[in-house]
Structures are given as C-alpha cells and as structure tokens.
Engineer: 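Pasting a structure below so you can have a look.
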Amino acid sequence: MPFRLINNALLPEGASKVDKETFYTNHLGKGRFQNLESAISRWAAEKNIPIPPSSFRGVMSQSTRAHRLAMKAGKLGGQKLQVPVLCGIFKANLEDSKDIADTNVLAEIAEGAGMMSKDEADQNLLQAVKFLQSDELEKEVENMCDKARSIGITGVPLTIIDGRWAVSGGQSSDVYIQIFKKLAAAGVSPTGVYSAPSPFPVPVIETSIYA
C-alpha cells in the first residue's frame with residue numbers, strides 16, 4: 001500500500017526543489033534532524049545496510065510518481081517485477097541521493113528492472129518516460145494513500161500479516177521467523193481466525209487494518 005511520509009501540504013507536487021537538509025531542519029528543527037540522522041545511521045550500520053551520510057543530502061521530492069511506477073510494475077509482473085523496481089527506488093533515494101520524482105531517474109530504474117524500455121523507439125510494453133509523464137495510476141495512488149491514513153497508518157515500514165497482525169518498524173528476518181512459528185503453533189479456528197490470544201510483544205500488535 002502506498003504511503004507518503006510527507007503530505008502534499010508540506011511538499012506539494014511540482015513544488016520548487018529544496019535540499020533535504022534544509023527541508024528537515026525547517027520542519028523538524030536542527031537538533032531533531034541531527035538526532036534523526038544519527039539514529040538512522042546507527043540502525044543502518046547495525047543492519048549492515050549501505051545508507052551513507054550523503055543519503056540526507058540531495059533534494060526532497062514527493063513520492064507519487066515513484067509509487068505509480070511501483071504500482072505499474074506490480075500490475076505488469078507481480079512481485080517478481082515490483083520488488084526490483086522498489087529496490088531501485090530505495091537505492092536511488094537512500095544510497096545515491098537521487099531525485100525520485102525525476103522522470104529520467106525513474107525511467108532508468110524501470111529499464112534496469114526490465115520493466116519498460118527507456119528508448120522511445122522501442123514499443124515493448126509502455127515507454128517508461130511516456131508512462132511517467134502521464135497521469136496513469138495517479139488517482140489510484142492518491143486513493144490508496146488516503147486510505148492508509150484513514151485506517152490509522154502513520155508511519156512506515158508497517159507489515160500487515162493476514163489482515164490481523166501489524167509489525168511496525170524495520171525488523172530483522174528473525175522477528176518474522178518467530179512470528180510465523182508462533183502463528184503456526186497457535187492454530188486456526190474453523191472460521192479461519194487464529195484461536196489463540198496474541199502471543200506477541202511489541203512491535204507486533206493486533207489490528208483491524210486490512211490492506
């Protein structure tokens with residue numbers, strides 16, 4: 001489900017570009033921004049994720065166009081195609097400090113994932129640039145972002161398992177392994193609902209959210 005960390009009121013579509021450091025300092029304050037930067041850098045180091053300090057540089061961009069590309073990938077090739085596109089978007093934003101609202105940046109990601117050709121002479125599927133410059137799937141993304149807010153999602157990542165268990169934050173694979181083991185051991189009632197009470201501590205909570 002698409003989710004905007006920065007809403008359109010703070011970062012309108014098509015607004016003049018502003019660098020990340022200035023944006024976060026203006027909206028969070030210098031101290032909070034520095035604490036956020038340090039916390040994410042520590043988390044990345046602990047998880048062995050290559051997020052360099054430069055990831056807090058570059059420009060802030062609204063993510064609607066990137067969400068549209070990810071949704072299109074899912075429609076064209078399911079998770080097999082969508083996951084490489086998402087990984088490309090995250091790498092461009094977090095590792096390479098690229099503008100993920102830029103048509104050429106996203107077109108290169110689509111091309112690299114084998115989703116669409118960047119070359120306008122190639123008529124294989126839809127042209128990446130042509131798609132990104134259109135409004136295809138924009139309404140769908142807007143509706144899903146609104147739905148995420150309306151059902152109580154306030155941050156990402158948030159993983160919903162079987163429409164009942166919400167796992168908040170970036171968790172290790174060990175956390176998910178334990179979740180699946182406990183769910184398997186709990187069993188399922190004849191109505192398809194897990195019969196046991198929640199066997200989980202935070203960050204796993206029971207929820208009525210259905211993705």
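Just so you know, these numbers use all the heavy atoms, side chains as well, and skip hydrogens, waters and symmetry mates.
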Engineer: Of all the heavy-atom pairs spanning Val129 and Ala107, show the shortest one and how long it is.
Structural biologist: CG2-CB, 3.9 Å
Engineer: In terms of heavy-atom contacts, does CZ of Arg149 have more than 12 from other residues, nucleotides or ligands at under 6.0 Å?
Structural biologist: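 Counting neighbours around CZ of Arg149, more than 12 heavy atoms of other residues, nucleotides or ligands fall under 6.0 Å, so yes.
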Engineer: Using the ring of each side chain (for Trp, its six-membered ring), is Phe33 parallel, tilted or perpendicular to Phe56, with breaks at 30° and 60°?
Structural biologist: perpendicular
Engineer: Donor-acceptor pairs under 3.5 Å, side chain of residues 87-101 to any protein atom, not counting sequence neighbours: which ones?
Structural biologist:
| unit_1 | atom_1 | unit_2 | atom_2 | d |
| --- | --- | --- | --- | --- |
| Lys91 | NZ | Asp96 | OD1 | 3.4 |
| Lys91 | NZ | Asp96 | OD2 | 3.0 |
| Asn93 | OD1 | Lys20 | NZ | 3.2 |
| Ser97 | OG | Ser54 | O | 2.5 |
| Asp99 | OD1 | Ser61 | OG | 2.2 |
| Asp99 | OD1 | Ala101 | N | 3.0 |
| Asp99 | OD2 | Lys17 | NZ | 3.0 |

Engineer: Check this for me: does any side-chain nitrogen of one of Lys130 and Glu136 sit under 4.0 Å from a carboxylate oxygen of the other?
Structural biologist: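 No, Lys130 and Glu136 are not salt-bridged.
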Engineer: For the residue pair Ala113 and Val85, what are the closest heavy atoms and their distance?
Structural biologist: CB-CG2, 3.7 Å
Engineer: Any salt bridge (charged side-chain N to carboxylate O under 4.0 Å, His left out) involving residues 75-88? Give me the pairs, sequence neighbours left out, ordered by first then second residue.
Structural biologist: none
Engineer: Check the hydrophobic clustering (I, L, V, M, F, W, Y; side-chain heavy atoms under 4.5 Å; chains of links allowed) and say if Met60 and Ile40 are grouped together.
Structural biologist: yes
Engineer: Taking only residues two or more places apart in sequence, or in another chain, which ones meet Thr22 in a side-chain contact (heavy atoms from CB on, under 4.5 Å)?
Structural biologist: Val18, Asp19, Asn26
Engineer: Do you reckon Ile161 sits in the same ILVMFWY cluster as Val83, going by side-chain contacts under 4.5 Å, direct or chained?
Structural biologist: no
Engineer: When rounded to the nearest 0.5 angstrom, what distance separates NZ in Lys139 from CZ in Arg68?
Structural biologist: 14.5 Å
Engineer: What closest approach, in Å, do Leu86 and Ala70 show between heavy atoms, and which atom pair accounts for it?
Structural biologist: CD2-CB, 3.6 Å
Engineer: Working to the nearest 0.5 angstrom, can you tell me the gap between Ser173 OG and Gln178 CD?
Structural biologist: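 Reported value, rounded in 0.5 Å steps: 10.5 Å.
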Engineer: Is a side-chain N or O of Asp102 found less than 3.5 angstrom from the main chain of Val105, in a donor-acceptor match?
Structural biologist: yes
Engineer: Residues two or more places apart in sequence or in another chain: which of them pass salt bridge (Lys or Arg N to Asp or Glu O under 4.0 Å) with Arg57?
Structural biologist: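 In terms of salt bridge (Lys or Arg N to Asp or Glu O under 4.0 Å), with neighbours along the sequence ignored, Arg57 is linked to Glu21, Glu37.
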Engineer: Ignoring hydrogens and angles, write down the donor-acceptor pairs under 3.5 Å from the side chains of residues 5-13, residues two or more places apart or on other chains.
Structural biologist:
| unit_1 | atom_1 | unit_2 | atom_2 | d |
| --- | --- | --- | --- | --- |
| Asn7 | OD1 | Ala9 | N | 3.0 |
| Asn7 | OD1 | Leu10 | N | 3.1 |
| Asn8 | OD1 | Gln62 | NE2 | 3.1 |
| Glu13 | OE2 | Thr64 | OG1 | 2.2 |

Engineer: Return the minimal non-hydrogen interatomic distance between Leu132 and Arg65, and the atom names on each side.
Structural biologist: O-NE, 3.5 Å
Engineer: To the nearest 0.5 Å, what is the distance between OG on Ser41 and CG on Leu36?
Structural biologist: 9.0 Å
Engineer: Take Met71 and Met144 through the side-chain contact (heavy atoms from CB on, under 4.5 Å) test and state the conclusion after the steps.
Structural biologist: CA-CA 11 Å; Met71 184 179 290; Met144 293 183 76; 3.3 Å; yes
Engineer: Out of curiosity, Glu140 CD to Lys72 NZ, how far, rounded to the nearest 0.5 Å?
Structural biologist: 10.0 Å
Engineer: Specify the closest pair of heavy atoms between Phe131 and Leu69, including all atoms of both residues, with the distance to one decimal.
Structural biologist: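 Between these two residues, the closest heavy atoms are CE2-CA, 3.9 Å.
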Engineer: Once rounded to the nearest 0.5 Å, what's the spacing between atom CG of Leu28 and atom NZ of Lys30?
Structural biologist: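 So the gap between those two atoms works out to 14.0 Å.
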Engineer: Mind checking the CD1-SG spacing from Ile153 to Cys145? Nearest 0.5 Å is all I need.
Structural biologist: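 Answer rounded to 0.5 Å: 10.0 Å.
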Engineer: With sequence neighbours excluded, tell me which residues meet side-chain contact (heavy atoms from CB on, under 4.5 Å) with Asp174.
Structural biologist: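 Listed in chain order: Ser172, Ile177.
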Engineer: Tell me whether Tyr24 is reachable from Val59 by hopping between hydrophobic residues (I, L, V, M, F, W, Y) whose side-chain heavy atoms are closer than 4.5 Å.
Structural biologist: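 In one cluster: no.
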